[in-house]
Number of protein chains: 2
Amino acid sequence: MDSRKEQEWKKFKEEAIQRLLRDKDIGYLDPDIWDLLDAFMKRDKAFTYSSCSGRITIIDAIYPWARKDSSVIYKNHLVLSEDELEGVLEKGQIRRLWLIVQGPILHVYTMDSDEAWSILGIARSVGFKHSGILTENKKGVLIELRTGIRMVHLLRETSDSKVEGTTELVKIANEILKKGKEKKDQLRNAILSSIRDYSMKLGENPEGNFHVHNNV
Amino acid sequence: MDSRKEQEWKKFKEEAIQRLLRDKDIGYLDPDIWDLLDAFMKRDKAFTYSSCSGRITIIDAIYPWARKDSSVIYKNHLVLSEDELEGVLEKGQIRRLWLIVQGPILHVYTMDSDEAWSILGIARSVGFKHSGILTENKKGVLIELRTGIRMVHLLRETSDSKVEGTTELVKIANEILKKGKEKKDQLRNAILSSIRDYSMKLGENPEGNFHVHNNV
């Protein structure tokens with residue numbers, strides 16, 4: 001990559017970091033994603049673009065993947081309680097109710113394809129098996145990192161149907177959410193140790209790669 | 001790509017076609033996938049590597065994504081009947097029972113990354129939104145084409161729990177399977193018309209691109 005392109009790429013990264021810090025300040029980030037994003041930003045040739053640490057949602061939609069004619073009526077990144085589920089079920093619905101648990105998802109731009117393959121290798125090794133390159137554009141190579149951790153459960157078709165076994169449903173949904181969070185932490189640790197390995201090879205200070213001000 | 005590499009790639013494609021024809025003969029292929037694979041093979045710079053046309057499975061596992069300590073106790077690519085579901089529920093289980101519906105998934109090798117991006121563009125335009133490049137190796141660029149169509153439903157935690165609403169479950173699972181099959185057909189049509197467009201540009205016979213014997 002020529003130096004002009006490299007400079008331009010670094011500007012994109014700097015902008016991404018600034019946006020992230022803003023989002024963090026206003027409480028717009030997932031409550032438990034910062035440490036993972038921070039780890040990625042420490043790699044010289046990568047920056048995160050969008051992310052989800054894993055979450056439980058309840059969707060009112062004919063199909064759980066629908067974007068239009070679909071409402072998110074519950075969302076929580078940390079835990080679903082039985083009271084919350086009962087509260088949702090007491091209300092009416094327009095379409096079908098789906099309980100969705102998804103594991104962590106990360107979109108990362110890398111400066112070049114070597115860095116993309118390198119991160120994909122690390123991510124797959126800790127269980128982000130549904131990962132790949134989505135596109136290439138002026139911001140670099142965009143990769144998606146994703147696990148197979150997921151539950152897409154039909155709560156009920158109409159509000160006439162009774163939902164049985166909410167206790168076990170809540171327990172299992174939270175268990176699956178937790179499995180996703182564990183994967184998120186494993187990815188963070190793997191990315192951090194990849195930086196340490198690289199820095200040790202160069203004889204550098206491993207904390208020195210994250211070019212951003214002290215308020216991080 | 002130099003001509004030696006191109007020859008080598010064509011050998012991989014020819015082997016893939018032969019394997020596919022063998023699988024077709026012995027009934028090993030999904031019952032409704034052939035027309036899709038056939039369409040891809042007609043593109044000069046692509047061959048399919050593995051595929052699923054979409055299916056309904058019932059899994060006995062703690063987690064639905066588990067590979068080990070997991071058994072597939074039901075699998076059907078065409079339709080789930082209420083009797084079949086009741087039959088499964090009458091039997092015992094070791095772990096948890098999950099009803100899983102997945103849309104079509106395709107792995108395709110392309111000769112170069114231009115062809116990979118071109119197919120990814122076509123696939124995304126007809127709703128294969130979870131698609132990307134998985135790896136690059138001597139067989140070419142491996143891409144995965146996948147929709148968001150999916151259901152991962154907890155049937156029951158233990159055989160003590162009663163499963164209510166099996167009629168609506170079966171109806172909705174089949175509906176989702178059908179949505180996946182529609183996407184599969186849309187992808188086939190989009191791939192076929194991409195070949196027609198290309199051949200018309202070259203003034204060729206659109207059927208002439210699939211270099212394989214007459215028994216196809």
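Within every chain, numbering begins at 1; the chains are lettered A, B, ... in the order of the sequence lines, protein sequences first and strands thereafter. Everything numeric here is computed off the predicted structure, so don't read it as measured data.
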Next on the checklist: Given heavy-atom pairs under 4.5 angstrom as the criterion, report whether the side chain, backbone, both or neither of B:Ser113 touches chain A.
Outcome noted: neither
Item to check | Selection from A:Glu136, A:Lys129, A:Glu144 maximising heavy-atom pairs under 4.5 Å formed with chain B | outcome: A:Glu136
Next on the checklist: Shorter than 4.5 Å, heavy atoms on both sides: which option in A:Lys179, A:Glu157, A:Lys162 has the most such pairs with chain B?
Outcome noted: A:Glu157
Checklist entry - Out of curiosity, A:Ser131 OG to B:Ile133 CD1, how far, rounded to the nearest 0.5 Å? => result 14.0 Å
Checklist outcome for this item: Pair count under 4.5 Å, heavy atoms only, with chain A: among B:Arg146, B:Glu168, B:Glu164, highest is B:Glu168
Next on the checklist: Tell me whether A:Arg96 is salt-bridged to B:Glu175, with the criterion being a basic N under 4.0 Å from an acidic carboxylate O.
Outcome noted: yes
Checklist entry - Taking every heavy-atom pair that is under 4.5 Å apart, which of A:Arg156, A:Arg150, A:Met151 has the most such pairs with chain B? => result A:Arg150
Checklist entry - Hey, does the side chain of B:His153 reach the backbone of A:His153 with a donor-acceptor pair shorter than 3.5 angstrom? => result no
Next on the checklist: Can you confirm whether B:Lys181 is buried at NZ, in the sense that more than 12 heavy atoms of other residues, nucleotides or ligands lie under 6.0 Å from that atom?
Outcome noted: yes
Checklist entry - Out of B:Ala116, B:Gly148, B:Pro64, which one racks up the most heavy-atom pairs below 4.5 Å with chain A? => result B:Gly148
Checklist entry - So which heavy atom on B:Trp98 is nearest to which on A:Ile176, and how close? => result CH2-CD1, 3.8 Å
Item to check | A:Trp117 CH2 to B:Thr135 OG1 distance, which is reported to the nearest 0.5 Å | outcome: 5.0 Å
Checklist entry - Which answer fits B:Ile172, side chain, backbone, both or neither, if we ask what part of it has an atom under 4.5 Å from a heavy atom of chain A? => result side chain
Item to check | Whether over 12 other heavy atoms sit under 6.0 Å from A:Tyr49 OH | outcome: no
